[in-house]
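A short write-up of the structure that comes next.
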Amino acid sequence: MRSRCVPLREMSDVRSRITPALRAALDAIGAADVDAVIEPSARADFGDWSTPVAMQCARVLRRPPLEIAGGLRDRLEGTRIDVVRQWTVSPPGYVNAWLDDGVWARTVLDEATRLDVSRPVDVPPGVAIDGKTLVEHTATNPNKAAHVGHLRNACIGDTVARVLRRTGQRVEVDNYIDDTGVQVADVVVGIRELGIVPIEGERFDVYCSRVYVDVSRRYDEEPELVQRRQAVLHAIEAGDNETATYVKDVARRVVDEHLATMRRFDIGYDLLTWESDIIGLGFLQKALELLRESGAILYAEHGKHAGCWVMPPEGVDRDTDDDETKVLVKSDGIATYTAKDIAYQLWKFGLLGLDFHYHPWHADAPDGPVSTAAHRHDDEVPARFGTAQRVVNVIDARQAYPQQVVKRALSRLGHEREAESSIHLAYEVVALTPAAASVLGIDVEVGRDVYALSGRKGIEVLADDLLIRSVDRVREKARDEATAHLLAAGAIRYYLLKFSLTQIIAFDFDEALRVTGDTGVYLQYAHARAAGILRKVPDDDAPLVVPDALDPVERALLHRVDAYAHALAETATSLSPSTLTTYAFSLASALSDFYEHTPPIVRELDPVVRRFRRRLVAAVRVVLADALHTLGIAAPDRV
RNA sequence: GCCCCCGUAGCUCAGUGGAUAGAGCGGCCGCCUUCUAAGCGGUUGGUCGUGGGUUCGAUUCCUACCGGGGGCGCCA
């Protein structure tokens with residue numbers, strides 16, 4: 001059965017109702033080359049929607065913009081558009097549409113109220129792709145507790161997945177686990193060789209963090225310790241031995257803690273992909289074969305890469321003998337991390353001709369993630385993963401170069417479309433402000449404004465520690481512990497999402513934990529306020545009548561509601577969650593403004609006004625809840 | 001050296017080829033007999049890093065600089 005979708009762009013679809021008329025008017029005055037763009041007016045007293053096209057026409061038509069605007073207005077006045085009441089002109093040459101509130105407000109409220117989580121929000125053509133998008137995120141090394149940097153990654157990835165699903169797209173979320181790298185090996189060295197033991201009651205991932213810091217420090221003092229790590233790595237490489245099993249067990253236990261941490265922020269996964277399986281099942285070998293056969297990589301006979309398999313830069317088919325050429329297999333025969341990433345990427349698109357075995361990560365948690373496996377399990381899950389049409393890798397901006405190499409590998413293998421559909425969703429890191437650094441007891445130098453996080457050095461804010469602090473902050477005013485938790489998690493998620501991806505987050509405790517102003521809690525509070533009004537004011541069955549003169553705060557609020565579908569489509573296109581946080585804040589803010597500047601609806605005696613405002617609040621609540629849910633933030637009815 | 005990102009109010013950040021550049025925080029002054037004051041209003045505060053260029057119009061695009069961060073490994 002095909003479900004009905006909510007109309008696109010604005011909830012009321014104002015823009016696409018106006019654009020054809022504007023297009024026709026432009027054609028009629030001989031300005032066919034000018035784009036028929038129309039945008040929300042910059043200020044309410046200009047109108048509702050405005051177009052600057054007359055300014056562009058002035059050059060080609062060699063007439064003053066105001067005169068052209070006047071002509072356009074006359075033509076538009078002659079076109080009946082039910083949602084537009086009148087057209088005006090304002091200097092230096094804008095043409096403004098004034099909406100008919102009766103038609104517009106009714107449409108906006110109808111469409112907003114019809115929003116339903118079980119039905120996707122329709123978006124303009126080109127926003128949603130056909131087929132599945134595979135989103136890889138989190139991918140925290142399984143040797144330490146997750147810190148806010150890992151949490152930023154997870155929040156971005158999770159939100160992008162939610163936005164794509166909300167716009168009707170199929171999504172698979174993978175969490176890649178590097179259980180064969182040096183980082184896990186370091187921890188195993190610390191536990192087994194140095195005998196570092198857990199503290200009473202210490203969580204396993206936190207214990208591993210401590211071991212990791214300790215071992216890293218001791219490598220400097222005792223260089224021979226590095227040999228121990230090599231032994232562990234060789235054991236992992238060989239597989240099927242006691243050490244390899246032990247390493248895998250450490251990784252599993254840490255991953256369980258990571259999943260629990262992320263769960264507290266409402267972040268989940270479809271599939272856990274293990275690097276050991278990628279190697280164990282021969283994905284890497286197969287990928288290297290393909291790369292060799294196709295000539296995508298070549299063997300360097302001499303020069304600085306002698307004995308290595310390398311991938312030359314774009315458009316070159318020989319070793320350039322410099323850093324432009326990427327080594328994929330070292331001269332000792334060991335593949336680099338990027339080579340494994342290429343194998344994984346090929347699998348994601350179904351280009352490898354190999355697949356994993358699958359089984360539930362926890363037999364007793366059917367809703368939990370599925371895990372890859374190298375061998376058949378009794379509770380084998382059928383293969384339904386990978387084979388995506390688009391791959392979004394949420395990885396910090398420092399890895400732009402290796403990600404570029406992965407993309408280039410696909411391209412050199414002749415998979416142009418897949419290379420094109422390989423998206424490195426790069427985001428900047430989380431760093432500490434001097435204030436946050438000094439809270440953590442780090443020596444703050446004069447003139448430095450950010451301090452990089454480092455799990456290795458123990459310079460970090462653990463995700464769970466931050467959550468505990470946040471719960472402490474909101475507990476006093478929250479109605480109960482469960483509410484305190486969802487407000488606390490909302491505060492942190494919002495904080496990590498509200499920055500542009502290109503912006504380094506200068507982490508600050510006060511900012512991250514704040515509950516007033518531009519924060520997650522503000523949005524949740526606004527939602528609860530709306531819900532509170534709806535509880536107190538019963539609705540009736542009477543048909544909606546839009547009052548003759550809407551209050552400016554009502555119109556402003558309607559505009560924000562109207563803009564939801566547009567904001568969602570924009571976010572789905574840009575894959576940038578901050579677009580949606582900015583929108584959600586503007587909506588909550590408009591609701592607060594309305595709340596403060598209109599009398600209580602409960603006491604409203606005019607039935608028309610009372611019903612209209614009640615339904616306006618109902619629409620806002622639905623849209624705010626939808627936006628919050630898409631951001632992965634709970635929308636409580638009471639706080 | 002080459003490449004990428006950032007530079008907008010005291011601080012943290014939005015914005016983006018169009019009309020007087022916005023928000024939050026901070027400061028100051030107000031608003032709870034009103035549907036939750038985790039709120040709202042007012043006020044303070046800006047040569048949109050600098051110089052050129054393109055354009056009817058540039059904070060936005062191009063270019064050259066300046067300042068800060070990151071990448072450029074037979075690490076992951």
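As the structure is a computational prediction, the values presented were derived from the model and not from experiment.
OP1 or OP2 of C13(B) has not a single side-chain nitrogen or oxygen of Y495(A) nearer than 4.0 Å. The shortest distance between the side-chain N/O atoms of S500(A) and the OP1/OP2 oxygens of A14(B) is below 4.0 Å. Remark: K330(A) is in phosphate contact with C75(B), judged by side-chain N or O atoms under 4.0 Å from OP1 or OP2. In this model, the phosphate group of C40(B) is approached by a side-chain N or O of Y522(A) to a distance below 4.0 Å at OP1 or OP2. Residue Q56(A) places none of its side-chain N or O atoms closer than 4.0 Å to OP1 or OP2 of U55(B). Contact annotation: T519(A) does not reach the phosphate of G24(B) (side-chain N/O to OP1 or OP2, under 4.0 Å). Of the side-chain N and O atoms in R610(A), none sit less than 4.0 angstrom from OP1 or OP2 of C35(B).
Heavy atoms from other residues, nucleotides or ligands lying under 6.0 Å from NZ of K304(A) number more than 12.
Looking at which nucleotide of RNA chain B each of V182(A) and V450(A) is closest to, the 5′-most match is held by V450(A).
Classified by its glycosidic torsion, C48(B) falls in the anti category, the angle being over 90° from 0.
When heavy atoms are screened at a 4.0 angstrom cut-off, R638(A) is found touching base atoms of the nucleic acid.
Across all strands shown, G53(B) is found opposite C61(B) as a Watson-Crick or G-U wobble partner, with both distances under 3.5 Å.
Of the possible polar contacts, one joining the K498(A) side chain to the D518(A) backbone as a donor-acceptor pair under 3.5 Å is found.
Spacing between atom CZ of F509(A) and atom P of U12(B) amounts to 17 Å, rounded to whole angstrom units.
The side chain of T336(A) approaches A76(B) more closely than any other nucleotide in the set G7(B), A76(B), C35(B).
At a cut-off of 3.5 angstrom, counting only N and O atoms as typed in the model, there is a donor on one side and an acceptor on the other between the side-chain of S50(A) and the base of A19(B). For T582(A) against A14(B), a side-chain-to-base donor-acceptor contact under 3.5 Å is absent.
Each of I395(A), D396(A), I156(A), N393(A) was evaluated against L425(A); a single residue qualifies, I156(A), per the side chain to side chain contact (heavy atoms under 4.5 Å, CB included) test.
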